[in-house]
Amino acid sequence: MAQTAFVDEGLDHEHGHEPQGFIAKYIWSQDHKVIAIQYTLTAIAVGLLALVMSWLMRMQIGFPGSLEMVDQERYYQFVTMHGMIMVIYLLTALFLGGFGNYLIPLMIGARDMVFPYVNMLSYWTYLLSVLVLVASFFVPGGPTGAGWTLYPPQAILPGTPGRDWGIILMLVSLVIFVAAFTMGGLNYITTVLQARTRGMTMMRLPLTVWGIFVATVLGLLAFPALFVSGVMMLLDRLLGTSFFMPAVLSQGEMLEYSGGSPLLFQHLFWFFGHPEVYIVALPGFGIVSDLISTHARKNIFGYRMMVWAILAIGGLSFVVWAHHMYVSGMNPYFGFFFAFTTLIIAIPTAIKVYNWVLTLWRGDIHLTVPMLFSLAFILTFVAGGMSGLFLGNVVVDVPLSDTYFVVAHFHMVMGVAPILVIFGGLYHWYPKVTGRMLNDTLGKIHFWITFLGTYAIFFPMHYLGFVGIPRRYFEFEGIAFIPDSAHLLNEWITIAALVVGAAQFLFLFNLAWSAVRGRPSGANPWRSTTLEWQTPETPPGHGNWGARLPIVYRWAYDFSVPGAAEDYIPQNRPPERDAPGLHGSLRAEGAAP
Amino acid sequence: MNPLGSLGAKPWLQPAQDVPAWGRLPFAPAQVGLAIFMAVVTALFGLLAAAYLMRMTLGDWRPLPEPPILWLNTLALALGSAALQRSSTLLRRGDPARASTAFVAGGGCAGAFLAGQIAAWAQLDALGYFVATNPANTFFYLLTALHGLHLLGGLAAWARTAWHLRSAPGARATRLGVGLCAAYWHFLLVVWLALLALLMADDAGWMPAMHHGAGTG
Ligand code: HEM
Ligand SMILES: [Cu+2]
């Protein structure tokens, strides 16, 4: 096929001159590395807000009434904002805007994203969406308390907290976020497709890039559903239209709505909401694969199968959305279909887990902090996935839905597991970003508190769910069937949550302190194969590669190749002239899927 | 080797001295970017269409009469699309002067289309078809507004390209830009035709849910 020559190999004119001055370099920057850091720091900042809200909620549940400021309304507002921020403004933004921006160009051997200006706009639009969201804390009535799913009709009916302003700002913020994501997403996809350096075929991409790539495709197709439902609900709220609003009697008054369908909203929302789970999972899968391979000094097992599994999960995630709506009622045949596809997703997911385990098998495992987080991720993901199998079943889902079993399940799979990967990734790539190592002791303390602590928080919740404790409840006073042990458990969970939360400040301290005082890392502290570690400067300079782009000669996982001088061969290391047959044939058996 | 065709590769077996073909698509990044953007917009309008069809069946749907001016607007949009295509062809043939004329005409047609859409809104409003009186009305305003906004965004890109066409008519980037504008115009024309069909369909009796006034109103 014709090769195109749009991106030349040398220093092309756009990158010939470096922007001068602090503002051009660090504020209005079009450099993907700066934008990545901006995304990351912003996401962490809103994430802290969500963390503090989880403390306040836990205080109320563990020690009811201990904080005067947490009344029933506030509790609902915290549940909503905590959930929404964690899922969208933290995880999605951090994985794609943060890791995606930093790693894609470096890992594929490009000088930057293909549309740097749009990339910059993407960040500032994201920041705007965050500011609008935060503004909702300061408007009369406060933020919306409708639950992160924002189900109508409650979301916009009088009586729901934040009905006046909060819900409007929430929806506006989401719509802006979708615009920001689309600008970023166009960049990530086009860059992966069209800016790979010579020799970097799709099947030589590190799995991190594959995960981010497919997650972005999912996002680009799924976020329009959020956009559409957001705009439609805004119209219902502001202009009194009836997309989602049935005729309702509220506080003795007939409202002007009629004939709308709350179910329509649920379909739109979950058409976005389920892929969203994979939008935060797939980059995590990719990153974990690379971390495991690097820190176990072993090639990833079944690379091709891993890629296909990512693609399969991505495809399937669009045909399962209605499993969130079993309790909303639907045709039983549809129920069967959605239950079936939901269970099918377990297959490619299980393949990935087996391949991770087989990669570790007889590897030279280094228990570095990134490795610890990766191992913890696998455990957590498996544990959370197991409970998901229960919930994927219509019969089992019905009694358990809306109990703490669900809270435990989704926190394990889409809360804790992705967060563990994020930490692993931050510890792993921090040396490339700053040129310094994070402090190892602090890292290990942070890891153990976070890992054991999250289990202390979320494991007991399964039990609370079996007992039947409902979620989204402000208090449980006077509910007869709740045993005393549940109250004790709730106190324990709250204490664990406070400790885990506090440990995160240790991490933040480490981030800041090591940037100045950390041990200098050199270019490739983990002796890794992928291109981002082979840049001429660390941190990489403007344009990433100096005068010439790297050329890729091999796949991303040449660890412990028999006969090689070192236990890793970078992707851009040219073949040794004297040992032409070395690569491949010797290792074929061990690696084939 | 295209990206999908390469999924069967076994990278761990490829000898290191072999630098295989890139597997890039034979298009400029901007072309790929636009194609992806159009896919996103298709998803957006596809979901709206699905919502439209679902909402339509709920009984309170009363179709609104599409103002005849829509046909005129459709014509303007089609002419704009043709003009931009003509401009792109002329530019490739090395006739920047006539290409510019056609390019400006293409933008003008889009402007006329938008003005016509606003006129259609004014007519409906004058007849008492307000946004919130019936979901059919709401969808009409919502779909036309979103489509119009996408065209407005296109006009921003069009203005930038028009400026390039003046300052650097021979540049490859200019040729690319004109081609992209033309492609986007075609795309929005197709979207508009689909929307128009959707909007007309409810009172042409093609759809099952057309029992006027069956709901509570
Ligand atoms: C220390 C960590 C965390 C703690 C202590 C915590 C605590 C809580 C609590 C108490 C609730 C409300 C439960 C209820 O009343 O029904 C909740 C809900 C929720 N959390 Fe977390 N959470 C944590 C981390 C996360 C993370 C990382 C995510 C990211 C996905 C997340 C996503 C959610 C979601 C989506 C909801 C549901 C909101 C709703 O019901 O509308 N949480 N969390
Ligand atoms: Cu789901």
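Worth saying up front: this structure is predicted, and the values here are computed from it rather than measured. Every chain is numbered from 1 and lettered A, B, ... according to where its sequence line falls, protein lines coming before strand lines.
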_Using the rule given for side-chain contact (heavy atoms from CB on, under 4.5 Å), can you reason through B:Leu53 versus B:Leu198, listing the C-alpha separation, both sets of side-chain angles and the distance that settles it, and then say yes or no?_
CA-CA 9 Å; B:Leu53 294 174; B:Leu198 195 65; 4.0 Å; yes
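Residues A:Phe213 and A:Leu193 are in side-chain contact: their nearest non-hydrogen atoms beyond the backbone lie under 4.5 Å apart. For the pair A:Phe301/A:Tyr557, no side-chain contact is recorded, criterion being any heavy-atom separation below 4.5 Å from C-beta on. The closest side-chain heavy-atom distance from A:Leu220 to A:Phe181 is below 4.5 Å. Inter-residue side-chain proximity for A:His267 and B:Met54 is flagged as met; some heavy-atom pair is nearer than 4.5 Å.
When ring centroids are compared, A:Phe243 and A:Phe265 stay outside the 6.0 Å threshold.
With a 4.5 Å cut-off on non-hydrogen atoms, A:Phe244 does not touch chain B at all. In this structure, chain A has a heavy atom under 4.5 Å from the side chain of B:Leu146, while its backbone stays farther away. Of the atoms belonging to A:Phe271, it is side-chain heavy atoms, and not backbone ones, that fall under 4.5 Å from chain B. At a 4.5 Å heavy-atom cutoff, the contact between A:Phe227 and chain B is made by side-chain atoms alone. Of the atoms belonging to B:Leu142, it is side-chain heavy atoms, and not backbone ones, that fall under 4.5 Å from chain A. Residue A:Ser242 touches chain B through both its backbone and its side chain, counting heavy-atom pairs closer than 4.5 Å. With a 4.5 Å cut-off on non-hydrogen atoms, A:Leu268 touches chain B through its side chain but not through its backbone.
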May I have the list of side-chain donor-acceptor pairs in residues 113-132 of chain B shorter than 3.5 Å, sequence neighbours left out?
from: B:Gln117; atom 1: OE1; to: B:Asn73; atom 2: ND2; distance (Å): 2.8
from: B:Trp121; atom 1: NE1; to: B:Thr144; atom 2: OG1; distance (Å): 3.0

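Scanning residues 183-192 of chain B against chain A with a 4.5 Å heavy-atom cutoff picks out nothing at all.
Counting heavy-atom pairs closer than 4.5 Å to chain A, the top-ranked of the candidates B:Val41, B:Leu47, B:Asn137 is B:Leu47. Here B:Leu44 is the residue among B:Thr42, B:Thr133, B:Leu48, B:Leu44 with the most heavy-atom pairs under 4.5 Å with chain A. Listed options A:Leu264, A:Val217, A:Leu239 were ranked by heavy-atom pairs under 4.5 angstrom with chain B; first place goes to A:Leu264.
With values rounded to the nearest 0.5 angstrom, A:Leu549 atom CG is found 4.5 Å from A:Thr197 atom OG1. Note that CG of B:Leu34 and OG1 of A:Thr190 are 10.0 Å apart. Values are rounded to the nearest 0.5 Å. Interatomic distance, B:Thr161 OG1 to B:Leu155 CG, rounded to the nearest 0.5 Å: 10.5 Å. B:Arg166 contributes atom CZ, which lies 13.5 Å from atom CZ of B:Phe103 (distance to the nearest 0.5 angstrom).
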